[in-house]
Amino acid sequence: MVEAGEPKRLKKAERRQQILLELRLKPHVRVSELAGLFGVTTETIRRDMEELSGEGLLQRAHGGASAAAPGVHREMDQRRLERVAERERLGRFAANLVSDGATLMVDAGTTTMEFARALAFGETRVTAITNSLQVAMVLGQSPAASVRLVPGTYMRAEAATIGTEACEYLAGYNVDACFLGAAGLAEGGVTEAVDGFGAIKRTMMRQSAARHFLIDSSKFGRTYLTRVARCSEIGTLVTDAAPDGVLAGALGGDTRVLVSPATDAAGSR
């Protein structure tokens, strides 16, 4: 029997929801306070915080946690303002991997949009299938590109389509290569924060003879809710800095790693 005043024992999911609710009411919560509030051990709260942090829903801080920092769970328009020079160089570098006449699948993201911009600027002759409205609009400006926009459920925040209809449409094509972005890359593999993007990326991977992930180094060590691919399934990692430590070991010999130069001939345009 529960004594009066004894904290109600919550299930894991309920406890995590309550932690996020507490962070809406105050800028910082302490492990010890939450443990007392929920009637669980401090270790249990720390595990909850680690999982929520891995999903980008909060930011770990000394003795507790704070609300997710700007830039952790953000819409595309916000992300476009970050690491602009790095993404532009990465996009141009990745565009050099595309042969004239290639067939491609390109997913939604700020880096893949720069990739599409580079293809359009260079007037590379391609046929591209994309679930990104912005990639389609950018690449569609090129007279050398044929663009097919994937149908499906439209996500305003990401300017992209997702869902079963989108995956079924993609499954009807076979292409030379896919060029994909991601929210995180760690020893466990490539992960995604946006609900619905994982299924799109995995479908594109299955339908492509070659796989290329465009992931800048700021995303190294980050892990989000949805796993897209194991390290052994990446194919080619196109990035702006060579992975090191545990991540380098996890990538091993299975992944081809291409590092874009700090500057390039197009950088002065």
Side-chain angles (χ1 to χ4, degrees), residues 55-56 71-95 97-98 104-121 126 128-140 145 147-150 152-163 166-167 170 175 177-186 189-205 207-208 210-220 222-229 234-241 258 260:
E55 295 174 23
V72 175
H73 228 24
R74 59 224 185 276
E75 296 184 355
M76 175 176 282
D77 284 344
Q78 295 172 293
R79 299 198 306 271
R80 287 178 62 183
L81 303 177
E82 303 170 2
R83 294 177 63 84
V84 175
E86 290 87 347
R87 286 189 287 100
E88 289 178 348
R89 286 198 300 270
L90 197 53
R92 288 193 295 265
F93 183 64
L97 303 175
V98 179
L104 311 174
M105 287 185 179
V106 185
D107 80 331
T110 54
T111 306
T112 52
M113 188 164 59
E114 293 302 330
F115 165 72
R117 196 185 311 279
L119 290 177
F121 186 86
V126 296
I129 304 169
T130 182
N131 70 317
S132 167
L133 180 62
Q134 293 183 332
V135 166
M137 291 175 65
V138 168
L139 189 52
V147 180
R148 301 184 185 187
L149 186 59
V150 176
T153 302
Y154 183 69
M155 296 182 68
R156 179 198 59 78
E158 299 295 329
T161 56
I162 59 169
C167 291
L170 288 167
V175 297
C178 60
F179 286 80
L180 313 174
L185 172 62
V190 177
T191 53
E192 183 51 64
V194 179
D195 189 32
F197 272 13
I200 294 291
K201 294 177 195 292
R202 287 191 294 270
T203 304
M204 288 185 171
M205 290 170 65
Q207 304 307 122
S208 303
R211 303 165 178 175
H212 301 81
F213 278 90
L214 281 53
I215 305 176
D216 72 74
S217 57
S218 70
K219 298 174 182 178
F220 292 175
R222 294 187 182 183
T223 300
Y224 292 89
L225 181 62
T226 304
R227 185 166 72 175
V228 175
I234 290 174
T236 299
L237 170 63
V238 186
T239 185
D240 62 330
L258 300 178
S260 65

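This is a predicted model, so every value here is computed, not measured.
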**Q** Using 0.5 Å steps for rounding, measure from the CG atom of Leu180 to the OG1 atom of Thr111.
**A** 11.5 Å
**Q** Heavy atoms only: give me the nearest Glu158-Phe197 pair and the separation to one decimal.
**A** CB-CZ, 3.6 Å
**Q** Looking at every non-hydrogen atom in both residues, tell me the closest pair between Val228 and Arg202 and how far apart they are.
**A**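 Nearest pair, atom of Val228 first, then Arg202: O-CG, 3.4 Å.
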**Q** Give, for atom CG of Leu104 and atom OG1 of Thr130, the distance between the pair rounded to the nearest 0.5 Å.
**A** 10.0 Å
**Q** Tell me if a side-chain donor or acceptor on Lys219 pairs with a main-chain N or O of Ala182 at a distance below 3.5 Å.
**A**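 A pair under 3.5 Å: yes.
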**Q** Would you please name every residue forming a side-chain hydrogen bond (donor to acceptor under 3.5 Å, both in side chains) with Arg148, sequence neighbours left out?
**A**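 If we apply the side-chain hydrogen bond (donor to acceptor under 3.5 Å, both in side chains) test to Arg148, skipping adjacent residues, the hits are Tyr173.
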**Q** Could you pull out the closest heavy-atom pair between Phe213 and Ala229, with the gap in Å?
**A** CZ-CB, 4.4 Å
**Q** Between Thr203 and Cys167, is there a donor-acceptor pair closer than 3.5 Å when you use the side chain of the first and the backbone of the second?
**A** no
**Q** Under 3.5 Å, is there a donor-acceptor pair linking the side chains of Ser217 and Asp240?
**A** yes
**Q** Taking the side chain as every heavy atom from C-beta outward, state whether Val194 and Met155 have any atom pair closer than 4.5 Å.
**A** yes
**Q** Measure the spacing between CZ of Arg92 and CZ of Phe121 and express it to the nearest 0.5 Å.
**A**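 Answer for the CZ-CZ pair, Arg92 versus Phe121, is 9.5 Å.
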**Q** So, taking the atom named CZ in Arg211 and the one named CE in Met105, what distance separates them when rounded to the nearest 0.5 Å?
**A**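 The CE atom of Met105 is 12.0 Å from CZ of Arg211, to the nearest 0.5 Å.
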**Q** Roughly how far, to the nearest 0.5 Å, is the NZ atom of Lys201 from the CG atom of Leu170?
**A**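 So the gap between those two atoms works out to 12.0 Å.
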**Q** Nearest heavy-atom pair of Leu139 and Ala128: which atoms, and what distance?
**A**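 Where Leu139 meets Ala128 most closely, the heavy atoms are CD2-CB, 3.5 Å.
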**Q** Strictly distance-based, threshold 3.5 Å: is any side-chain N or O of Asn131 a donor or acceptor partner for the main-chain N or O of Ala108?
**A** yes
**Q** How far does CG of Leu133 sit from CE of Met113, to the nearest 0.5 angstrom?
**A** 10.5 Å
**Q** Using a 3.5 Å distance criterion without hydrogens, assess whether the side chain of Thr112 forms a donor-acceptor pair with backbone atoms of Asp107.
**A** yes
**Q** Quick check against the 3.5 Å criterion: does Thr239 have a side-chain atom that pairs as donor or acceptor with the backbone of Ile215?
**A**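 Yes: the side chain of Thr239 pairs with the backbone of Ile215.
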**Q** Has the side chain of Arg222 got a donor or acceptor atom that lies under 3.5 Å from a matching backbone atom of Thr191?
**A** no
**Q** Can you check side chain to side chain contact (heavy atoms under 4.5 Å, CB included) on Phe179 and Val238, steps first, answer last?
**A** CA-CA 10 Å; Phe179 286 80; Val238 186; 5.7 Å; no
**Q** With sequence neighbours excluded, tell me which residues meet side-chain hydrogen bond (donor to acceptor under 3.5 Å, both in side chains) with Thr236.
**A**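 Once residues adjacent in sequence are excluded, Thr236 has no partner under the side-chain hydrogen bond (donor to acceptor under 3.5 Å, both in side chains) criterion.
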**Q** Does some side-chain heavy atom of Leu258 sit less than 4.5 Å from a side-chain heavy atom of Leu97?
**A**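 Result yes, sub-4.5 Å side-chain heavy-atom pair found.
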**Q** Looking only at heavy atoms, what is the nearest atom pair of Leu90 and Ser260, with distance?
**A** CD1-OG, 4.0 Å
**Q** If every non-hydrogen atom of Gly198 is compared with every non-hydrogen atom of Glu192, which pair is closest and at what distance?
**A**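 Heavy atoms of Gly198 and Glu192 come nearest at N-CG, 4.2 Å.
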